[in-house]
Engineer: 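There's a structure below that I have some questions on.
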Amino acid sequence: MKILGIETSCDETGIALVENGRHILSSTLASSKEMHTKYGGIYPEIAARAQLKVIIPLLDQTIKQAFGNSQNWRSEFDAIAVTSGPGLKSSLLVGVETAKTLALVLQKPIIPVNHVLAHLYANWLYPERPANWKEVEGLPLLPALCLIVSGGHTVLLLMKDHGNFKLLGTTLDDAAGEAFDKTARLLGFSYPGGPEIANAATKFQIRSASLGTKFRINFPRPMIRSSDLNFSFSGLKTAVLREFQKYKKNDDSQLPPDLINAFAYEIQEAITDVLVAKTLKAAIKLKPKSILLAGGVAANICLKEKFLLEIRNLKLEIPLCVPPPVLCTDNAAFIASYGYFNFHPQPWKKIDVYPSLTDIKTAN
Ligand code: KG4
Ligand code: ZN
């Protein structure tokens with residue numbers, strides 16, 4: 001089965017065609033990121049206008065990439081999966097209305113997709129058709145312990161089967177990605193802050209190693225030892241701000257780049273320490289068959305390495321699945337994959353946008 005995925009929940013516009021939930025036939029993505037740099041976050045109307053302009057050309061491009069100039073492209077795919085929430089209302093509307101139009105005109109089934117849960121399906125995707133298709137068919141192994149860390153969400157859940165989740169923990173305030181973005185902004189980096197912090201942290205590590213220095217700033221690891229599996233990152237932002245002001249001579253002064261890099265390193269350490277500790281605490285208790293990371297923050301190399309190291313240290317012997325960075329951040333391929341593994345089409349008239357969709361609907 002081939003599914004057309006449509007993603008427009010935030011600043012990206014993504015269209016993809018995915019076969020059997022795994023093999024990406026084509027995937028295109030446009031972002032309005034640069035247009036928001038001066039605002040330090042996403043400006044919703046700018047995002048939606050940009051999406052309106054690019055969505056049809058991207059659709060055309062994605063179809064041509066997958067099916068060439070075939071006149072039969074309309075019958076080449078079976079269904080449409082579209083992000084219906086959570087996200088920015090005006091952005092969601094662009095994708096949902098496009099999907100509904102296609103569903104009506106082409107008479108295709110349409111599946112509304114929860115964007116947060118869909119991130120997980122990046123773990124089912126293969127850019128090339130896997131040669132050992134039969135072997136990978138049952139992967140990743142379920143039940144899986146899942147950590148979804150994106151710009152707006154930090155969710156720890158147990159996935160027993162497709163559509164069968166148990167929510168274990170979530171953030172009480174800022175999401176992990178938000179913590180990266182907000183602290184990055186403080187340090188003078190542009191949006192999105194996660195990759196900028198990661199880059200600066202690597203520079204700090206390289207310099208410290210070459211100079212043999214051990215300079216460290218210390219930030220708290222919020223809730224790392226709390227008895228539940230929830231997270232909190234807003235205290236970290238306050239701690240960074242306080243420390244930052246100590247080093248600033250006056251309002252207009254800039255911190256030296258090496259010091260900024262030291263801040264970035266410690267921010268990354270603090271966020272990743274908490275994510276790893278809480279997830280592995282749940283893994284010890286629940287003994288899942290695999291651990292899945294997903295969401296933009298899962299593109300962080302330090303996070304992946306820390307997970308691998310701790311899983312080894314704790315002798316857990318649970319496989320860790322982390323999608324390639326390009327599939328961690330928003331794209332339409334994981335939306336299409338979600339549609340395949342959760343094939344519950346609805347009449348197009350019933351499809352709507354849910355900007356603050358928070359419930360993991362199928363939790364039990
Ligand atoms: O999943 P995503 O693309 O969009 C949402 O659904 O929110 O996640 C975006 C978030 C941003 O907060 C961004 O700073 C963060 O993912 N991010 C990273 C990295 N790449 C993206 N955070 C840390 N390290 C990275 N390499
Ligand atoms: Zn996302």
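Just so you know, ligand 1 is whichever comes first in the structure, and atom 1 is the first atom listed for that ligand.
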Engineer: Using only heavy-atom distances, determine whether the side chains of Y121 and N342 contain a donor-acceptor pair under 3.5 Å.
Structural biologist: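 Judged by distance alone, the side chains do pair up.
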Engineer: ring-ring contact (aromatic ring centres under 6.0 Å, His included) with F244: which residues, sequence neighbours excluded?
Structural biologist: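 With sequence neighbours excluded, F244 shows a ring-ring contact (aromatic ring centres under 6.0 Å, His included) to F263, given in chain and number order.
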Engineer: Does this structure show an ion pair linking R185 with D181, if we count only N-O contacts that are shorter than 4.0 Å?
Structural biologist: no
Engineer: Is there a donor-acceptor contact under 3.5 Å from the side chain of S32 to the main chain of A47?
Structural biologist: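 No, because the side chain of S32 does not come within donor-acceptor range (under 3.5 Å) of the backbone of A47.
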Engineer: With sequence neighbours excluded, give me every salt bridge (charged side-chain N to carboxylate O under 4.0 Å, His left out) pair touching residues 228-238.
Structural biologist: D174-K237, D228-K278
Engineer: Return the protein residues near ligand 1 (heavy atom under 4.0 Å from any of its atoms), ordered by chain and residue number.
Structural biologist: H115, H119, S150, G151, G152, G177, F180, D181, P192, G193, G194, P195, G295, G296, V297, A299, N300, T329, D330
Engineer: Could you give me a count of protein N/O/S atoms that are under 2.8 Å from the Zn ion (ligand 2)?
Structural biologist: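 Protein heteroatoms (N, O, S) closer than 2.8 Å to the Zn ion (ligand 2) number 3.
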Engineer: I'd like to know whether the aromatic ring centres of F334 and H115 sit less than 6.0 Å apart in this structure.
Structural biologist: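 Yes.
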Engineer: Assess whether a salt bridge exists between E137 and R22, defined as any Lys/Arg side-chain N lying under 4.0 Å from an Asp/Glu carboxylate O.
Structural biologist: no
Engineer: Got V353 and K89 here, is their nearest side-chain heavy-atom distance under 4.5 Å?
Structural biologist: yes
Engineer: For the aromatic rings, using the six-membered ring if either is Trp, is the centroid distance between H23 and W124 under 6.0 Å?
Structural biologist: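 Centroid distance H23-W124: not below 6.0 Å, so no.
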